[in-house]
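A quick note: this is a predicted structure, and the numbers were derived from the prediction, not measured.
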Amino acid sequence: MPTQLAQVAPMADSPWGGLLAVYFAMIGVPSGLTLAVWWHRQRCPTAALTLDWRAGWASLGLLAAAGALLTIDLGRPERFTLMLTEFGNWDSPISLGAKIIALKVFLLGVALYMLSRRRAASAGAAAPLPARGATRQLERAVTWLLVASSIALAIYPVAVLARTWVSPLAGTSGSALLFLVTSLLTGYAVVELIATGIEPRGNQDAGRRSMMLLLLMTFGAAMVFTAVSEPVGPARESLDAVLRGDWMLLFYGGVLGIGLAVPVLVLLLARRRRVARMLGAVAVLVGSCLARFLVFTA
């Protein structure tokens with residue numbers, strides 16, 4: 001009997017396209033925004049209602065865009081619906097992430113509804129009126145659920161990418177920290193942008209500035225230790241491509257230059273100039289999203 005040889009098609013360079021790269025880069029922004037606003041609310045309560053309102057709609061829009069990108073990349077809307085409605089696939093990180101996105105969208109809808117009622121009740125008042133009774137307890141519960149879902153969404157892309165051969169850097173020791181830090185950085189950057197006109201003049205929150213510097217230092221340290229601690233293998237090859245190969249211009253110019261050096265200089269030298277701080281915030285957004293993109297694609 002003649003031997004029949006199986007023909008095995010070569011594996012594609014990457015089963016995922018550019019849409020998923022954009023998705024994994026942007027999904028951290030609404031997560032970090034929720035966490036940054038939650039922390040900022042305690043420092044500037046007079047601006048809390050307006051800031052929460054702007055941040056809530058911004059997060060909702062970003063999550064809707066992320067869901068649309070994921071649906072388009074999957075190719076069929078019913079596959080995304082299946083990920084939301086099928087509860088026997090808890091071992092699938094991307095399916096779990098889709099459920100967390102849906103949960104956070106629902107929680108943001110509830111939070112925005114309660115905010116609209118408080119804004120209406122506080123109209124004409126010198127300060128926002130606090131919620132009372134059961135409404136106050138519901139607000140607290142929704143807030144903490146939003147915080148928990150945001151932390152999960154900030155780092156869940158690492159769990160997705162680490163289970164594939166496509167993104168070796170996602171399996172490194174510092175990838176989860178990088179994704180969490182970049183998510184928080186983008187959140188604080190968006191707060192800087194949307195807080196225009198609602199903070200008391202001259203009170204551009206020194207605490208937020210200090211937190212941004214701390215996160216930027218953590219971002220830099222995480223990149224350094226990730227670069228020096230990886231053994232030989234696919235992750236080392238990807239790191240070499242980032243540090244000395246095809247991606248070095250994007251890394252040194254985009255991540256380190258725009259995303260790290262520019263905001264640090266702005267925060268240290270031009271912290272009282274609103275336009276400079278807004279440009280620094282845009283630089284943080286660019287550099288952080290590029291860092292997440294490199295973990296995905298390098």
Side-chain angles (χ1 to χ4, degrees), residues 23-45 47-70 96-119 128 131 135-159 176-196 198-199 205 207-209 211-212 214-216 218-219 281-282 284-285 288-289 291-292:
Y23 168 79
F24 283 123
M26 71 176 291
I27 193 62
V29 181
S31 305
L33 179 56
T34 298
L35 296 171
V37 168
W38 168 72
W39 186 83
H40 185 270
R41 186 185 303 138
Q42 316 304 320
R43 304 189 59 85
C44 195
L49 277 185
T50 304
L51 184 62
D52 283 0
W53 183 254
R54 293 182 182 181
W57 282 108
S59 296
L60 199 60
L62 288 167
L63 286 173
L69 286 174
L70 190 56
L96 183 59
K99 291 178 175 65
I100 297 173
I101 289 175
L103 173 63
K104 185 168 180 179
V105 168
F106 171 75
L107 292 171
L108 283 171
V110 174
L112 286 169
Y113 171 73
M114 292 189 295
L115 273 174
S116 68
R117 293 177 60 88
R118 283 188 64 194
R119 280 164 60 89
T135 302
R136 184 180 182 183
Q137 299 305 317
L138 179 60
E139 281 192 1
R140 286 181 175 178
V142 169
T143 297
W144 282 108
L145 286 172
L146 279 171
V147 168
S149 62
S150 297
I151 294 173
L153 277 180
I155 59 177
Y156 106 91
V158 175
L177 178 59
L178 280 174
F179 267 66
L180 179 59
V181 171
T182 52
S183 182
L184 290 172
L185 279 171
T186 56
Y188 278 99
V190 174
V191 168
E192 186 69 56
L193 294 173
I194 66 177
T196 304
I198 63 175
E199 288 181 327
D205 197 8
R208 186 171 73 240
R209 186 169 63 248
M211 182 61 73
M212 284 283 285
L214 176 63
L215 288 172
L216 287 166
T218 305
F219 182 36
V282 172
V284 167
L285 284 169
S288 297
C289 288
R292 295 168 75 96

*Can you tell me how far the OG1 atom of Thr182 sits from the CD1 atom of Ile155, to the nearest 0.5 Å?*
11.5 Å
_Closest non-hydrogen atom pair between Ala36 and Tyr188, with its separation_ = CB-N, 3.8 Å
_Using 0.5 Å steps for rounding, measure from the CG atom of Leu60 to the CG atom of Leu107._
11.0 Å
*Write down the atom of Ser183, the atom of Gly28, and the distance for their closest heavy-atom approach.*
OG-O, 2.6 Å
*Check whether any side-chain N or O of Ser149 sits under 3.5 Å from a backbone N or O of Leu146 as a donor-acceptor pair, and report yes or no.*
yes
_Donor-acceptor contact below 3.5 Å, side chain Ser116 vs main chain Tyr113_ = yes
*asked:* Using side-chain heavy atoms (C-beta onward) and a distance below 4.5 Å, is Leu153 in contact with Leu63?
replied: yes
_Mutual orientation of the aromatic rings belonging to Tyr156 and Phe24 [parallel < 30°, tilted 30-60°, perpendicular > 60°]_ = tilted
*Hey, could you give me the CD/CD distance between Glu139 and Gln137, rounded to the nearest 0.5 Å?*
10.0 Å
*Looking at CG of Leu177 and CZ of Phe219, how far apart are the two atoms once the value is rounded to the nearest 0.5 Å?*
10.0 Å
*Is there side-chain contact between Met26 and Leu69, with at least one heavy-atom pair below 4.5 Å?*
yes
*Are the side chains of Ile101 and Lys104 in touch, meaning some heavy atoms are under 4.5 Å apart?*
no
*Supply the atom-to-atom distance Leu33 CG to Leu184 CG, rounded to the nearest 0.5 angstrom.*
11.0 Å
*Calculate, to the nearest 0.5 Å, the distance between atoms CG and OG1 belonging to Asp52 and Thr143 respectively.*
7.5 Å
